[in-house]
Protein chains: 2
Amino acid sequence: MAQLRIALAQINPTVGDLAGNAALILDSALRAESEGAHLLAVPEMALTGYPVEDLALRPSFVQGARAALDRLAADLADRGLGELVVVVGYLDGTPNNQPRLGRPAGSPVNAAAVLHRGEVLVRSAKHHLPNYGVFDEYRYFVPGDTLPVVRVRGIDVAVAICEDLWQDSGPVAATAEAGAGLLLSINASPYELDKDDVRYELLARRAAEAGCTLAYVNQIGGQDELVFDGDSIVVDAGGAVLARAGQFVDELLVADLDLPAATVSTDTAPIGSAPAQDSTASNGMIIRRVVATAEPVEPYEARPGAVTPRLDDLAEVYQALVLGLRDYVRKNGFSTVVIAVSGGIDSALVAAIACDALGARNVYGVSMPSRYSSEHSKDDAADLAQRTGLHYETVPIAPMVDAYLKTLADSGTPMTGLAEENLQARVRGTALMALSNQRGHLVLATGNKSELAVGYSTLYGDAVGAYAPIKDVSKTMVWALSRWRDEEAARRGEVPPIPRNSIEKEPSAELRPGQKDTDSLPPYEVLDEILDLYVAGDHGREEIESRGFGPELVERVLTLTDRAEYKRRQYPPGTKISAKAFGRDRRLPITSRWRESA
Amino acid sequence: MAQLRIALAQINPTVGDLAGNAALILDSALRAESEGAHLLAVPEMALTGYPVEDLALRPSFVQGARAALDRLAADLADRGLGELVVVVGYLDGTPNNQPRLGRPAGSPVNAAAVLHRGEVLVRSAKHHLPNYGVFDEYRYFVPGDTLPVVRVRGIDVAVAICEDLWQDSGPVAATAEAGAGLLLSINASPYELDKDDVRYELLARRAAEAGCTLAYVNQIGGQDELVFDGDSIVVDAGGAVLARAGQFVDELLVADLDLPAATVSTDTAPIGSAPAQDSTASNGMIIRRVVATAEPVEPYEARPGAVTPRLDDLAEVYQALVLGLRDYVRKNGFSTVVIAVSGGIDSALVAAIACDALGARNVYGVSMPSRYSSEHSKDDAADLAQRTGLHYETVPIAPMVDAYLKTLADSGTPMTGLAEENLQARVRGTALMALSNQRGHLVLATGNKSELAVGYSTLYGDAVGAYAPIKDVSKTMVWALSRWRDEEAARRGEVPPIPRNSIEKEPSAELRPGQKDTDSLPPYEVLDEILDLYVAGDHGREEIESRGFGPELVERVLTLTDRAEYKRRQYPPGTKISAKAFGRDRRLPITSRWRESA
């Protein structure tokens, strides 16, 4: 056995920010060195950010990423970190590739590089390319077929990338055949509900298959519609957790490992950047052995690895929403947000999340009462402002609504019913955008997943916004998160941010006198159950009815959901928190005549 | 040699409309029968429509498609069409498949079935799955490995599906090895500029490789963001065009072919729905031989196939836009549209397209003048209405704009500059939606590709609309199409729809006094050239500069384009007409820090 101190950097890169990401990696290396680590790993595509989408197809970006990698290797050496072996995820291209229909232009690869002594010791490409859910990697990358096995301090370390662990065969099997002492996996693995449980079980299984300890590093942070939770782990072949980082926090996880010393002869193995020594595993993967440092470290006293406890489910979701919002605002170059606060629970929860993400001084709440707004709505909105400390202002919408009603009637089209209801919501949307354009705030939309699923919202009205923090949170979870956040405040001895009345009152859009959500929709507990079966579960009408829901109710919900697809496509991005969120996971043809209820 | 009369039905299916699509196929079969055809082919996924997107993952839809296929086979026989061999594209599942991460749920396939005498004679699945440009087939389907070779009247007919022709190896090579007398290809191949030329060259090459005549059938019609052009072709192994259908028209193309009689022994070949006879081609494809009818037809006098001349480029694009708009409106259950007519060229072209697609009586033009609208704008809008005969009305926006300006100023935020300009555009967007909601029109947005590419439009303002007919048409092409349409009218002795003044005047958004597009943008001829290099060509800054554009100009355009990505993502669907359109072909991460100009 030989000792090795590894450092896993769960950092927060930004797509396209090559210089900024390189600086994050360099900083991690400095911290790792000061911790005495021998090996540092940063996440999948940490140098470019993830997901790069169409940037992968632009030759100048691929060249930029390659150049940034070379610069990073040189900078590490210049800063005296040349002996630290650094595993970095980045974007590479395939040189001399022939353009071919169906192959992404430039044949880009989702790559890993091992840096040592100022050089790129070995490069490899992700083998399994996910193309489901939020992933589109078949569109952007070509698969690799090589497993690098790098000798570090006398231990053979195999390097795999993200999906290579999730799918059967490939790099894990080759790792076992190569007799590696450690399998290092670099990841950009988005958060979803219960992901931490799934992840641990997978890692324990793969460590057993590889027959060695597995070190898993994942990024944190929000990037567009995704949020990454970190949760980096080291697990041994028996499934024991040796170290585990926190969730949603920037952290350098350091662990002292006792690993089998390499037994494969290194007599002919090349040193440094000399040509590598290849063999072929029985599944066809090429095992590429390179040597960074052959000599084991002198025995030292190991420290136990930190194992951070997991957050409970509601805390986890709330943290995901806070981080997703903070990074969307920051990475888009904004610092302040504006929110329409109605006194209802959705806008109250969004405001609480925004205050936690950005600080109340960067959050602007606008009350936009109409003639149908109740007194309690205005009071509850003001109460929210007082509790959280956000900036609060009032813009009455009656003058604009009246101008529309009169002008449209004068030109021959009096407004009635739904058209008049939508008009009010759109007047508010335009007012929010006016404040945004004039003062530079980013607009947050406050729609939740349940109402968006059934189209209970106004396009260009309450759907206006650059980011919709709770678009993937069902109404029942909106209530649960609100209660949790208030209880959390009470536990900490702070003022609960969300007014009790907003949580307890009956939901209403207040677009006509006495309106209630239940005039148009089933109770949310029922609605959310059906939506979960239909949208997340892809179950058909018969299956849903068999769970005890009446045929008329099921028909109503399914029809509303199918018809709302169009609106949802135009909905702005927000944080995904569930395994089967909207967006890429529910992409029906807009003009489809197929109706489950037909 | 043996004779065969084939019929290729370039029909217009609707995604999800199983009953309606089956009726179209049945109608084609009746027409084919009355033409004396022996073999009928309808397009790829004609029974389900294309693209089905997430519907492929819903088990109840796959079951529905399979049941519809069985019903169609039975209906054909019931109508006395049992002897006609019918090749149908549809959606199928893989029975007893094991769920596996990374494999689409239910393992759906993009399938072809051969129907004969009331039965499904053989089924096969598409081998090459495109996952680039507008295609996402890796997400939705699993690939097939079987080439059906069906004996029809003594001739062996191989069946392939769309992409199977575009990519090397696979079904075409297996067709040659199988010694088939005819390769039949069913397609749902979207239109793009010059697609007809590319298509002919491909088909001639593949016919030579297969060593036999190739019959290609493609659908027509608009489906969401795509438009299909038909252009069905029969080409022999020497590249001669034996028959060719029109573009963008519903048509049954009938051709009499002289084909090599099958020489493979049929002694052991099964008849009808009995088990098929399989062999394996050298590329691993399974060749599955089945027999519909072994006896050649009695010699008859062949008629020459029709070869419809191609449209010229501008006519082609204009027809694509007309058909795309008509089908989007119709397939979404609308019959009328409303358009903001400003007197400018973009709204004039959209109105002309809408009148051609739907009839002027279904088109509502709304003039919404502001204090900055010039007299010529109002006159030109009225002139357009007069020329086309569309409904014309006026809704002045000053009352609403004034109400906003006063109310926002009173609550502490006076509007200035861009915020005030955007406000006017948004007041118009809300007015359009009010008319739409009250009267049931579908709103058309009038933005063109050039201005959308650089973000020269107002989100929730002029970008409002369910469909944007010219979102993929550059400004220079807007002018060219407008001139073409007016000249076409003159040739036909009709009133040119587009006012000459709208074509010739300098473009202006008229959101402030004396505003011109060139205050903010380079001349459109220059802008369009740079956009073509950057967006369609994926060229970087250095490459563009090397074409003779100054560094400052290039930096300005590239920065505008990168920053406009976010707006474009929220843009409503419209017709794609170019190989590298926006949408799936330019999907940059919203928060990317990578700037070509940085």
Side-chain angles (χ1 to χ4, degrees), chain A residues 14-17 51-55 57-61 101-102 105 130-132 138-139 166-167 223-224 331-332 393-395 399-400 403-404 407-408 411 413 415 418-419 422-423 426 429-430 433-435 437-439 460 464 538 540 570 572-573 586-594 596, chain B residues 14-17 51-55 57-61 101-102 105 130-132 138-139 166-167 223-224 331-332 393-395 399-400 403-404 407-408 411 413 415 418-419 422-423 426 429-430 433-435 437-439 460 464 538 540 570 572-573 586-594 596:
Chain A
T14 298
V15 165
D17 188 6
V52 295
E53 302 193 343
D54 278 15
L55 285 177
L57 308 177
R58 197 180 303 170
S60 59
F61 186 64
L101 187 78
N131 205 67
Y132 53 87
Y138 248 95
R139 175 176 284 274
W166 290 83
Q167 298 201 23
Q223 179 70 46
D224 302 325
K331 293 182 179 179
N332 272 296
E393 63 200 302
T394 300
V395 178
M400 289 80 89
Y404 270 111
T407 306
L408 289 165
S411 46
T413 310
M415 291 292 108
L418 258 183
N422 283 332
L423 177 63
R426 292 195 178 106
T430 295
M433 289 303 295
L435 296 176
N437 285 170
Q438 187 68 41
R439 308 194 312 215
Y460 315 127
V464 157
D538 258 329
Q570 295 190 288
R586 182 175 173 80
R587 193 175 179 83
L588 295 185
I590 293 171
T591 61
S592 168
R593 291 276 171 92
W594 172 258
E596 270 290 342
Chain B
T14 299
V15 165
D17 188 6
V52 295
E53 301 192 345
D54 278 15
L55 285 176
L57 307 178
R58 196 179 305 172
S60 61
F61 185 66
L101 187 79
N131 205 66
Y132 53 86
Y138 248 96
R139 175 177 285 274
W166 291 83
Q167 297 202 23
Q223 179 69 48
D224 301 324
K331 292 181 180 180
N332 273 297
E393 63 200 301
T394 300
V395 177
M400 288 80 88
Y404 270 110
T407 305
L408 289 165
S411 44
T413 312
M415 291 291 109
L418 259 183
N422 283 333
L423 177 63
R426 293 197 177 105
T430 295
M433 288 305 294
L435 296 175
N437 284 170
Q438 187 68 39
R439 308 194 313 215
Y460 315 126
V464 157
D538 259 328
Q570 294 189 289
R586 183 175 171 81
R587 193 174 179 83
L588 295 185
I590 294 172
T591 59
S592 169
R593 292 277 171 91
W594 172 258
E596 270 289 345

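Numbers restart at 1 for each chain; the letters A, B, ... are given by sequence-line order, proteins then strands.
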Please examine the side chains of [Y] and [X], heavy atoms only from C-beta on, and report whether any two atoms are closer than 4.5 Å.
X: A/Leu435; Y: B/Leu408; result: yes
X: B/Met415; Y: A/Gln438; result: yes
X: B/Arg426; Y: A/Asn437; result: yes
X: A/Tyr460; Y: B/Thr430; result: no

Compare every heavy atom of [Y] with every heavy atom of [X], then report the nearest pair and how far apart it is.
X: A/Asp538; Y: B/Pro59; value: O-CD, 3.5 Å
X: B/Ser60; Y: A/Gly540; value: OG-CA, 4.0 Å
X: A/Ala419; Y: B/Ala434; value: CB-O, 4.4 Å
X: A/Ala403; Y: B/Ala403; value: CB-CB, 4.2 Å

Chain A interface, residue from B/Pro399, B/Gly16, B/Ser411 that has the most non-hydrogen pairs under 4.5 Å: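 Result: the option with the highest number of such pairs is B/Gly16.
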
Choice from B/Gln167, B/Glu393, B/Gln223, B/Met433 maximising heavy atom contacts with chain A below 4.5 Å: B/Met433

B/Val52, part contacting chain A, at a heavy-atom distance under 4.5 Å: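 It is the backbone, since no side chain atom gets that close.
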
B/Tyr138 side, atom OH; A/Asn131 side, atom CG - distance, nearest 0.5 Å: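 B/Tyr138 OH to A/Asn131 CG: 9.0 Å, rounded to 0.5 Å.
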
Top contributor to chain B interface from A/Val395, A/Asn422, A/Val464 [non-hydrogen pairs under 4.5 Å]: A/Val464

When A/Thr14, A/Leu418, A/Leu423, A/Thr407 are compared by non-hydrogen pairs under 4.5 Å with chain B, the top option: A/Thr407

Interchain contact, A/Pro51 with chain B, by part (heavy-atom threshold 4.5 Å): backbone

